Amino acid sequence: MKAAAYLGFALQVLAIPVQALRIFQTNENGWAALYFRTLNNMLKANGHDVFAMAPAQNHPGTGKKLGKPTFRKKPCDYDTCPPNSGRWGYNGSRTDLMWINAYPVVAMEYGIQRFSREYWNGEAADIAIAGVNHGAALWMNVHFSGGVKAAVWAAKKAGIPAIAFNAFTPYPFWNEHPTTLPWNIQPEPPGAQVYAELATQLINQLALSGPPYLPRNVFLNVNFHEVTPECANSSNWKWVLTRINQGTFSPQDVFHCFQHRLPHEFDVYYFHKGNIKQCFIPISIGDARDVSTVNDGFTNNRILHKGRQRDVLDKLRPMLSCF
């Protein structure tokens, strides 16, 4: 049933030729998390070459925590690896899916610098993604998100275009596996499929835009809110270019939607019309150097150069809506 759903969506997207990308994938919630696995399957169904390495267990809110991988004594989350399994390991039937006993940033580092290169015979990833992570990462919370910080590491340290995908989860932090669902849960909640379809749309658009897929030191921060009845179909969602931080004292942003200030991701994520939450997706242009908003093309009401904001806007324009 799941395979048919992935294939059906893939056939819709691949009606437009898409350049297959080498994609490295990690997350902050562990390799057995539902959103992570659903996106992995969707990207592969769309023809992308995906190598995934994620933490052995859920690590929400770990930000930029580092440290070398350690020997794992306990089973991986949801018993997906046995106790005393070493520092890392593979899925039993797939060498492109690995766990590592480390924090998200370390999973990104080891995966990009070592394991994915071995898998791709020395080639580097075209794009690195963290997610889909269980739980939103907005505004000041980006500094505490392990998924966001993993994407920041890829863009800043490895020079690889990076995206953090984050999504609403209804589960509280005090659960045994806080904020996550297991990869094999039945029936699968509708949000997992919708979030995977939307994330794949963005990656396919970047693939169509051609390299470089993002400017240097740029990452994208994407947040999906809950799947309401109005937003049950991925075609009903609208992408909105946003800022991570509020721009009260910042230079002008790129001119878009008849203004020189991009909306704040927090406002777009929580926007309601009456009592109905609208199907908007904030997609923020992040600066990996300080985890703020990129807007280096404009100052004192004067355009200095094209700017990285304009570069991203040009790549994503076909899929963007005004807020």
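Everything quoted here is computed from the prediction, not taken from an experiment.
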Counting distance only, does the side-chain N/O of [X] pair as donor-acceptor with the main-chain N or O of [Y] below 3.5 Å?
X	Y	result
Arg308	Val218	no
Glu28	Ser145	no
His225	Tyr269	no
Asn84	Lys74	no

State, yes or no, whether a side-chain contact exists between [X] and [Y] at a heavy-atom distance under 4.5 Å.
X	Y	value
Thr38	Gln193	yes
Met108	Phe24	yes
Trp88	Met53	yes
Tyr270	Phe280	no
Ser284	Glu265	yes
Asn46	Asn204	yes
Gln205	Leu316	yes
Phe266	Thr242	no

Compare every heavy atom of [Y] with every heavy atom of [X], then report the nearest pair and how far apart it is.
X	Y	answer
Ala150	Val105	N-CG2, 3.8 Å
Ala164	Gly147	CB-O, 4.1 Å
Ala33	Asn27	CB-ND2, 3.9 Å
Pro69	Ala102	CA-CB, 4.1 Å
Val106	Gly67	CG2-O, 3.1 Å

Inset, instruction - Would you mind checking if Arg22 and Asp49 are paired as a salt bridge, meaning a charged N to carboxylate O distance below 4.0 Å? - result: no
Legend entry - By salt bridge (charged side-chain N to carboxylate O under 4.0 Å, His left out) - contacts of Arg317 (at least two apart): Asp314
Inset, instruction - Please name the residue in the list Tyr110, Phe115, Tyr119, Tyr90 that meets the ring pair (Phe, Tyr, Trp, His ring centres under 6.0 Å) test with Phe51. - result: Tyr119
Legend entry - Geometric class of the Phe258/Phe255 ring pair [parallel <30°, tilted 30-60°, perpendicular >60°]: perpendicular
Inset, instruction - Please work out whether the ring planes of Phe224 and Trp237 are parallel, tilted or perpendicular, with thresholds of 30° and 60°. - result: perpendicular
In terms of hydrophobic clustering (I, L, V, M, F, W, Y; side-chain heavy atoms under 4.5 Å; direct or indirect links), are [X] and [Y] co-clustered?
X	Y	result
Val254	Val240	no
Tyr195	Leu181	yes
Val268	Leu241	no
Trp31	Trp183	no
Val222	Leu313	yes

Inset, instruction - Quick one: do Met42 and Thr200 satisfy side chain to side chain contact (heavy atoms under 4.5 Å, CB included)? Show the steps, please. - result: CA-CA 7 Å; Met42 186 68 69; Thr200 302; 3.1 Å; yes
Inset, instruction - Go through Val50 and Asp96 one step at a time and tell me if the side chain to side chain contact (heavy atoms under 4.5 Å, CB included) criterion holds. - result: CA-CA 7 Å; Val50 188; Asp96 61 345; 5.8 Å; no
Would you say the side-chain atoms of [X] and [Y] include a donor-acceptor pair closer than 3.5 Å?
X	Y	value
Ser250	Arg243	yes
Trp99	Thr80	no
Asn91	Ser93	yes
Gln252	Asn295	no
Lys315	Ser209	yes

Rounded to the nearest 0.5 Å, what separation is found between the [atom1] atom of [X] and the [atom2] atom of [Y]?
X	Y	atom1	atom2	answer
Arg261	His256	CZ	NE2	14.0 Å
Leu214	Phe219	CG	CZ	11.0 Å
Ile203	Ile163	CD1	CD1	5.0 Å
Tyr78	Leu34	OH	CG	9.0 Å
Ile112	Arg114	CD1	CZ	15.0 Å
Asp287	Ile244	CG	CD1	8.5 Å

Inset, instruction - Quick one: do Thr293 and Asn245 satisfy side-chain hydrogen bond (donor to acceptor under 3.5 Å, both in side chains)? Show the steps, please. - result: CA-CA 6 Å; Thr293 303; Asn245 55 303; 2.5 Å; yes
Under the side-chain hydrogen bond (donor to acceptor under 3.5 Å, both in side chains) rule, collect the residues that match up with [X], sequence neighbours excluded.
X	value
Ser116	none
Ser85	none
Arg72	Gln57, Asn101

Legend entry - Stepwise side chain to side chain contact (heavy atoms under 4.5 Å, CB included) check, Ile129 with Leu43: CA-CA 11 Å; Ile129 61 174; Leu43 291 171; 3.7 Å; yes
Inset, instruction - Given side-chain hydrogen bond (donor to acceptor under 3.5 Å, both in side chains), test Asn166 with Asn133 step by step and report yes or no. - result: CA-CA 5 Å; Asn166 316 290; Asn133 301 301; 3.1 Å; yes
Inset, instruction - Evaluate side-chain hydrogen bond (donor to acceptor under 3.5 Å, both in side chains) for Gln246 paired with Thr248, printing each intermediate quantity in order. - result: CA-CA 6 Å; Gln246 293 177 322; Thr248 306; 4.7 Å; no
Inset, instruction - Start with the C-alpha gap between His59 and Asn29, add the side-chain angles, then the distance that decides, and say whether side chain to side chain contact (heavy atoms under 4.5 Å, CB included) holds. - result: CA-CA 5 Å; His59 283 298; Asn29 304 115; over 6 Å; no
Inset, instruction - Verify whether the ring centers belonging to His134 and Tyr35 lie closer than 6.0 Å. - result: yes
Legend entry - Sequence neighbours excluded - disulfide (SG to SG under 2.5 Å) pairs with any residue from residues 80-110: Cys76-Cys81
Legend entry - Residue Lys44 excluded, over 12 heavy atoms near NZ under 6.0 Å: yes
Inset, instruction - Please name all residues satisfying side-chain contact (heavy atoms from CB on, under 4.5 Å) with Ala52, sequence neighbours left out, ordered by chain then number. - result: Gln25, Phe36, Asn40, Leu97
